[in-house]
> 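The following block contains the structure, expressed as structure tokens.
When reading the values below, keep in mind they use all heavy atoms of this one structure, side chains included, and skip hydrogens, waters and symmetry mates. By convention in this document, chain letters (A, B, ...) are assigned in the order of the sequence lines, proteins followed by strands, and residues within each chain are numbered from 1. In this text, all values refer to a predicted model and were calculated from it rather than measured experimentally.
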Amino acid sequence: MKAEPETRIVKGKDVRFSVDDLAAMPAATSPWDGVRNYEARNIMRDRMRVGDQILFYHSNCKEPGVAGIAEIVREGYPDHTATDPSHPYYDAKSNPEGPPRWFMVDVRFVHKLSRLVSLKELKQHHDGKLRNMVLLNRGRLSVQPVTQEEFEFIVALGSSDA
DNA sequence: GCCAACGTTGGC
DNA sequence: GCCAACGTTGGC
């Protein structure tokens with residue numbers, strides 16, 4: 001799951017959200033709101049289960065890469081920020097009276113990796129263990145599937161010295 | 001700030 | 001249902 005760790009102002013509000021920001025939340029837990037892509041939404045709505053772990057990826061920043069691990073603590077439910085006109089992620093096409101268009105999950109901080117596993121480093125394994133990784137083959141999707149093998153490989157990288 | 005990749009919109 | 005125009009993502 002991708003989030004932007006550096007300050008970015010949308011509609012007057014800072015939408016920055018880093019792995020440290022998650023850790024600092026009450027109960028180290030936060031809704032993953034603001035996803036406005038149907039494929040990403042479907043993954044949150046239909047595939048994520050309580051207890052699943054996710055890689056917390058920092059995007060659109062100085063050093064993009066996997067920064068930590070979180071886990072799903074609440075399964076897909078409507079993203080109410082879509083129908084709040086004052087919210088940075090307001091979606092004018094979402095009808096508060098109709099069926100919800102956008103969904104979110106709640107995630108809880110698990111731990112940071114000992115070191116950030118940068119996109120640059122991930123790319124070094126594009127011909128190897130990360131051959132099929134969606135992040136490298138497709139990019140541009142803010143919630144995307146990761147295989148068990150990819151997950152373990154990246155966590156192992158982030159647990160060792162560079 | 002640039003721009004490639006790619007998702008969405010909307011006319012036809 | 002096609003596809004050109006447009007908007008967004010996100011690395012660099």
> Just the rounded figure in Å: distance from C1' of C/dG10 to CG of A/Leu119.
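In whole Å, C/dG10 C1' lies 10 Å from A/Leu119 CG.
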> Output yes when a side-chain donor or acceptor of A/Glu150 lies under 3.5 Å from a complementary backbone atom of A/Leu130, and no otherwise.
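Here the side-chain-to-backbone pair does not exist.
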> Please check: side-chain N/O of A/Asp84 versus main-chain N/O of A/Tyr90, any donor-acceptor pairing under 3.5 Å?
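Side chain of A/Asp84 to backbone of A/Tyr90, a donor-acceptor pair under 3.5 Å: no, none is there.
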> Between atom CZ in A/Arg138 and atom C1' in B/dA4, what is the gap in whole Å?
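Interatomic distance, CZ of A/Arg138 to C1' of B/dA4: 15 Å.
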> If only atom types and distance count, is the side chain of A/Arg131 paired as donor or acceptor with the main-chain N or O of A/Gly128 below 3.5 Å?
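Side chain of A/Arg131 to backbone of A/Gly128: a pair is present.
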> Run through A/Tyr38, A/Tyr77, A/Tyr89 and flag the one making a ring pair (Phe, Tyr, Trp, His ring centres under 6.0 Å) with A/Trp102.
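So the option named by the test is A/Tyr38.
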> Whole angstroms only, please: what is the CG-P distance between A/Leu122 and C/dG10?
15 Å
> Rounded off to whole Å, could you give me the CG-to-P distance for the A/Leu136 and B/dC6 pair?
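Going from A/Leu136 (CG) to B/dC6 (P), I get 13 Å.
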> Relative to each other, are the rings of A/Phe56 and A/Trp32 parallel, tilted or perpendicular (30° and 60° limits)?
perpendicular
> Calculate the interatomic distance between A/Leu135 atom CG and B/dA5 atom C1'; express it in whole Å.
14 Å
> Toward the 5' end of DNA chain B, which comes first, A/Lys93 or A/Arg140, by nearest nucleotide?
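Whichever sits nearer the 5' end wins; that is A/Arg140.
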> Can you measure A/Glu63 atom CD to C/dG10 atom P for me and round it to whole angstrom units?
17 Å
> Counting distance only, does the side-chain N/O of A/Lys13 pair as donor-acceptor with the main-chain N or O of A/Ser86 below 3.5 Å?
yes
> Have a look at A/Lys120 and say if it touches a base, only the backbone sugar-phosphate, or nothing, with a 4.0 Å heavy-atom cut-off.
nothing
> For DNA chain C, find the residues of residues 3-13 of chain A with a heavy-atom distance under 4.0 Å and give them by number; none if there aren't any.
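Listed by number, there are none.
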> Are A/Lys2 and C/dG10 close enough that a side-chain N or O sits under 4.0 Å from OP1 or OP2?
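Result: yes.
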> For A/Arg36, report the nucleic acid contact type (base, sugar-phosphate, nothing); a contact means any heavy atom under 4.0 Å.
nothing
> Any idea which of B/dT8, C/dG11, C/dT9 is nearest the A/Tyr38 side chain?
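Nearest to the side chain of A/Tyr38 among the choices is B/dT8.
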> Rounded to the nearest Å, what distance is computed from the CG atom of residue A/Asn37 to the C1' atom of nucleotide B/dT9?
15 Å
> Can you measure A/Leu116 atom CG to C/dG11 atom P for me and round it to whole angstrom units?
12 Å
> Does the A/Glu71 side chain pair with the main chain of A/Val110, one donor and one acceptor, at a distance under 3.5 Å?
no
> Could you tell me whether the phosphate oxygens of C/dG11, OP1 or OP2, come under 4.0 Å of any side-chain nitrogen or oxygen in A/Tyr57?
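Result: yes.
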